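Keep in mind that this is a model prediction, so the values were computed, not measured. Hydrogens, waters and symmetry mates play no part in the numbers below; they use all other heavy atoms, side chains included.
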Amino acid sequence: MFASRIKTQLLLISLAPLLLVMLLVLGFLVGTTRDGIEEQVQNRGDEIAAQIVSMSEFFFYTGDMEKLSEVVELMINIDELISIKFSDAKGRILLARELDSVNQTIRTFRVAIRNQDPLVDELIELAATSEPATILGYLHIGISEDRITTQLQAFYIRTLLIGLVALLLGLVLAYLMSRKMTSALSSLAVTAREIELKSLTARCPENGHGELLELQHIFNEMAESLERNEQHMLRRIEEATRSLNASVDELSQKNEELAKQRQEAIELERSKAISDERARIMKDMHDGVGGQLVSSLAIIERESDSEARNNIAATLRECLDDFRLIINSLNVNANNLDAIMADFKYRLDKRIKSLSISLHWQIDPKADQITLQPQQALHLLRILQEATTNIIKHADATRISISLQSDGDGVQLMICDNGNCRLLERNDYDASVSSEGYGLTNMQWRARQLKGTISFLNNEPSGLCVKLILPEFVIH
């Protein structure tokens with residue numbers, strides 16, 4: 001499209017002077033010809049009018065209308081004459097003869113008829129002191145302009161044809177003369193557009209002549225310089241980018257280390273604050289609530305033996321055991337899974353010692369490498385406590401089996417008995433078969449808090465099993 005614009009501009013530059021000269025010449029010819037034709041028409045009209053006046057002046061002067069009519073009939077046959085009228089000095093029509101003039105353009109002439117004999121015209125002209133002749137009337141003639149119009153139209157057509165031929169010839173000559181220049185400029189424009197679009201390897205073919213060839217050569221040298229500068233700039237940008245990336249990576253690594261150190265410091269401070277607060281709470285609970293429970297149990301045990309005294313003492317012992325469970329779960333130094341299970345076994349042995357219930361205990365040695373958060377330890381101990389309490393109170397069992405296995409993917413805890421409680425079907429626990437007092441829903445809630453699963457199964461040949469599975473991501 002750019003090349004097309006160059007061609008158009010060159011053609012306009014070449015043709016503009018030609019067109020201007022043609023227009024001036026044609027305008028001059030048209031004006032001169034039109035003025036000449038107009039002058040011919042005027043001369044023709046004056047000539048015919050003078051001829052009619054000379055032929056009719058005597059008859060008009062003598063008032064011989066018959067002869068005047070003969071003159072009119074004779075002169076009306078002259079070419080281009082359309083109408084002849086005679087009027088008196090006051091403008092009244094005395095004699096008129098007019099041909100059909102439909103669709104014709106008419107030019108009128110009016111000539112005065114004076115009271116003098118044509119034979120004495122020269123004497124009157126020689127008498128310098130003679131008075132001018134009196135006007136007897138007027139001659140009116142109408143001349144048709146159709147022939148003149150036809151001549152003008154023919155002239156205009158010839159002029160237009162000559163102008164078109166000259167214009168066409170000028171276009172051909174301008175095209176032939178500007179073709180070579182247009183081709184050189186077009187290739188230069190195309191290459192410039194490619195360089196504008198970041199194609200710095202583009203080069204202009206050197207197909208011009210003279211100054212155009214020199215311009216193309218200079219343009220190609222400029223393109224090569226741009227390409228070299230671009231390559232140099234890209235190398236410098238690449239080096240700067242590598243250096244900047246290395247600095248950013250180093251800075252990012254240092255930031256990560258600082259963030260890690262900061263987080264470790266925050267966690268250490270938080271752990272210390274939590275540990276201090278837990279120690280304070282444990283001490284306050286141990287010295288306060290624990291001391292009150294021990295004192296109350298000692299006082300009630302000094303009372304005489306009775307059912308009320310034994311019930312109160314048993315309740316106080318259960319409260320004291322539950323209190324110790326809470327204290328142990330808050331102890332950050334006692335959250336090792338093996339230690340938690342050992343402490344629970346010790347307290348459970350004391351509870352079932354006088355109940356004729358045997359305890360079978362099997363703990364994986366890997367439990368010593370597993371630790372739980374305080375809240376996790378409390379949920380686990382609550383599940384163990386709820387399960388064993390249900391067995392002791394409701395199952396009428398003579399044997400409790402507790403096993404804990406670690407397979408690398410998590411921990412599996414099994415609590416089984418040989419009592420008389422059974423589920424309706426050998427399937428996972430369904431709320432529709434729960435027994436009052438077993439607290440199974442509470443154990444399920446705690447298992448969900450541990451992100452684990454708990455199931456209740458029938459033991460063979462009798463009793464129930466509680467199966468708790470903790471995933472690997474829960475334990476540490």
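- Partners of E227 according to the side-chain contact (heavy atoms from CB on, under 4.5 Å) rule, which considers only residues two or more places apart in sequence or in another chain, are L200, T201, R203, Q231.
- A heavy-atom distance below 4.5 Å is not found between the side chains of M65 and F59.
- Residues S87 and H140 bring a donor and an acceptor atom of their side chains to less than 3.5 Å of each other.
- A heavy-atom distance below 4.5 Å is not found between the side chains of I469 and V411.
- A search for salt bridge (charged side-chain N to carboxylate O under 4.0 Å, His left out) contacts involving R236 returns nothing, not counting sequence neighbours.
- Taking 4.5 Å as the limit, every side-chain heavy atom of F456 sits out of range of all side-chain heavy atoms of L464.
- Within the 4.5 Å cutoff, no side-chain heavy atoms of Q253 are placed close to those of D249.
- Remark: C204 pairs with no residue by the disulfide (SG to SG under 2.5 Å) rule, at least two apart or across chains.
- To the nearest 0.5 Å, atoms CG (D368) and CG (L337) are separated by 9.5 Å.
- Between L380 and L413 the shortest side-chain heavy-atom distance falls below 4.5 Å.
- Considering CZ of F86 and CD1 of I141, their distance stands at 10.0 Å, rounded to 0.5 Å.
- By the 4.5 Å heavy-atom criterion applied to side chains, I113 and I135 are not counted as neighbours.
- Under the 4.5 Å side-chain criterion, counting only non-hydrogen atoms from C-beta, T388 is in contact with F344.
- Rounding to the nearest 0.5 Å gives a distance of 8.5 Å between CE of M222 and CG of N220.
- For E267 and Q263, the side-chain atoms include at least one donor-acceptor pair closer than 3.5 Å.
- There is a side-chain donor-acceptor pair under 3.5 Å between R382 and Q385.
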